[in-house]
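Bear in mind the structure is a predicted one, so any value in this text is a computation, not a measurement. Heavy-atom basis, side chains included; hydrogens, waters and symmetry copies ignored. Order of the sequence lines fixes the chain letters, A, B, ..., with proteins taken first and strands second; residue numbering starts at 1 for each chain.
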2 protein chains.
Amino acid sequence: MVPSVPVSVDLVVLTVRNQALSALVWRRDNPPFLRRWSLPGGFIQLDEDLPAAAHRILAERAGLPGAPVHLEQLQTYGYPDRDPRQRVLSVAYLGLAPDLPASEKAHMSWQPVSSLTVMAFDHRRIMLDGVERARAKLEYTSLSAAFCPPEFTVADLRRVYEIVWDRSLDPRNFHRKVTKAEGFLLEAGATTTRDGGRPAKLYRRGPAELLHPPMLRSLKE
Amino acid sequence: MVPSVPVSVDLVVLTVRNQALSALVWRRDNPPFLRRWSLPGGFIQLDEDLPAAAHRILAERAGLPGAPVHLEQLQTYGYPDRDPRQRVLSVAYLGLAPDLPASEKAHMSWQPVSSLTVMAFDHRRIMLDGVERARAKLEYTSLSAAFCPPEFTVADLRRVYEIVWDRSLDPRNFHRKVTKAEGFLLEAGATTTRDGGRPAKLYRRGPAELLHPPMLRSLKE
DNA sequence: ATAATAGTGTCTGTTAGACATTATAAC
DNA sequence: GTTATAATGTCTAACAGACACTATTAT
């Protein structure tokens, strides 16, 4: 006799908006945790793969169909009373997105991570785990570009690092490191003066997934 | 109506034995995959937490009760037909252990990772994901010491890195880096001449979990 | 012209990797 | 003594961080 458990997929979708690292959340309109912020999620269907469920929930529940979101599995949360109604196992996925137009769904909104101090279930823990994963991965992968639109400047990319890490970075050293890292950035050819001053070159994501050398967040401020 | 799925916990327990990175596996004695190597695993019980299930399986199924094994969640595998009999979601855990006495269980043995080219279900994929996680974590955490007995020499630790990474490392540079890394090693006071030559100091694990600076596997051999 | 931002160069201290040398045991 | 391994030291090239300087736009 093998016990079965309902399995949900919950999403920690992060973006950089208004100078703040923000997560996609919705306000619950039913008990338990009525009116608390909650991560978008849903139960997996029979014969549905986990990544497929994550993409379906991103489209249907989160209201971001077809959005260019990097999705990767985060962790699985399973202690028995994390949902007071019944035991639910939750496979969390981490999504990184550029600053998108608002979700089409009612009750769904981007909220700064720092403001989400109280959430439904164990969703705050899940969200914080996702934030820490994102912070760590910016060091040794090229995922920072997942927070940017298809074409972006070095300054755009620097602001992503500064906001996600909550640190200021020297623009000149950052420029040198990021343009020297093999396969990180490809010149798009065009420039922009949207930020004023000398025109900035536009770049696209390069083929590299891992950064050599990595962008280390040093110990000092 | 919420679909439920049986959930198993499978273990990738790794150790360094006979100059080889080895995993704890057993030979299946039932179909499907009769006689294939398989990871130790079992279904979670009602009201059982995931880490608790992992420890229970380590003791009962793997035959290593009370062994000093570092356990951490690896990943969750859920595509629908990974078990041909019925859909099973598997939460994999990674375990790192010193060279232990053999498991008490029949059919259970340590096999070199490189020899496990064919396994039951998707267990080879799971095992390789665990190996890659272990390789990566040796770089920036102090987990290498989890492969060592409570007291060990710098040379012991170096052999762990060399075998897990399949690289040779310069003993002198390794010694300098590892003894300078803050909180990595604590002198145990004693020495040993078990390897011949000048007596080597014995160390214990220090309090640090993260290494500053990290032990990078460089690009070159 | 001034202001603002982009991009390059220079200097210095730290670190990685290569490798010489010394230290302490067994035989 | 020789041999084996441990531990320390030296040198050089690469890199991080601090910061001066030049380049190109808008006003």
task: Select from A:Pro171 and B:Pro213 the residue whose nearest nucleotide in DNA chain C is closer to the 5' end of that strand.
output: A:Pro171
Under-3.5 Å donor-acceptor pair between A:Arg172 side chain and D:dA18 base: no
- prompt: What's the closest nucleotide to the B:Ala155 side chain, out of C:dT8, C:dA16, D:dA6?
  reply: D:dA6
query: Starting at CZ of A:Phe152 and ending at P of C:dT5, how long is that distance when rounded to a whole Å?
result: 20 Å
task: Evaluate the ring planes of B:Tyr161 and B:Trp165, with Trp represented by its six-membered ring, and classify them as parallel (under 30°), tilted (30 to 60°) or perpendicular (over 60°).
output: perpendicular
task: State which residues pass side-chain contact (heavy atoms from CB on, under 4.5 Å) with B:Ala146; sequence neighbours excluded, sorted by chain then number.
output: B:His70, B:Leu96, B:Leu143, B:Arg205
field: Minimum side-chain heavy-atom gap A:Thr141-A:Pro214 below 4.5 Å
entry: no
message: Between the base of D:dG17 and the side chain of A:Arg176, is there a donor and acceptor pair under 3.5 angstrom?
response: yes
query: What is the distance, rounded to the nearest whole Å, between atom CG of A:Asp170 and atom P of C:dT10?
result: 17 Å
- request: Calculate the interatomic distance between A:Lys180 atom NZ and D:dG17 atom P; express it in whole Å.
  value: 14 Å
Tabulate atom names and distances for all N/O pairs under 3.5 angstrom spanning the protein and nucleotides 22-24 of chain D.
from   : atom 1 : to       : atom 2 : distance (Å)
D:dA23 : O4'    : A:Arg198 : NH1    : 3.1
D:dT24 : O2     : A:Arg198 : N      : 3.2

message: C:dT8, OP1 or OP2 - any side-chain N/O from A:His175 closer than 4.0 Å?
response: yes
- prompt: Could you give the CZ-to-P distance, from B:Arg167 to C:dA16, as a whole number of Å?
  reply: 16 Å
Donor-acceptor pair, side chain of A:Arg135 and main chain of A:Val164, under 3.5 angstrom: yes
Options D:dT10, C:dA25, C:dA6, nucleotide nearest the side-chain atoms of B:Thr193: C:dA25
- prompt: D:dG17 C1' sits how many Å from A:Arg217 CZ, rounded?
  reply: 18 Å
- request: Pick base, sugar-phosphate or nothing for B:Asp195, based on heavy-atom distances below 4.0 Å to the nucleic acid.
  value: sugar-phosphate
task: Select from B:Asn173 and B:Arg158 the residue whose nearest nucleotide in DNA chain D is closer to the 5' end of that strand.
output: B:Arg158
task: Starting at atom CG of B:Leu216, determine the distance to atom P of C:dG17, rounded to an integer number of angstrom.
output: 7 Å
Distance, rounded to the nearest Å, where A:His212 contributes NE2 and D:dA14 contributes C1': 16 Å
field: B:Lys177 vs C:dA16: side-chain N/O to OP1/OP2 distance below 4.0 Å
entry: yes
- prompt: Are any side-chain N or O atoms of B:Glu139 and backbone N or O atoms of B:Arg217, one a donor and one an acceptor, separated by less than 3.5 Å?
  reply: yes
message: Just by distance, no angles: are the side chains of A:Ser22 and A:Thr15 close enough, under 3.5 Å, to form a donor-acceptor pair?
response: no
- prompt: Judged by modelled atom types alone, do A:Tyr77 and A:Asp129 share a side-chain donor-acceptor pair under 3.5 Å?
  reply: yes
- prompt: Roughly how many Å is it from CZ in A:Arg194 to P in D:dA26, rounded to a whole number?
  reply: 15 Å
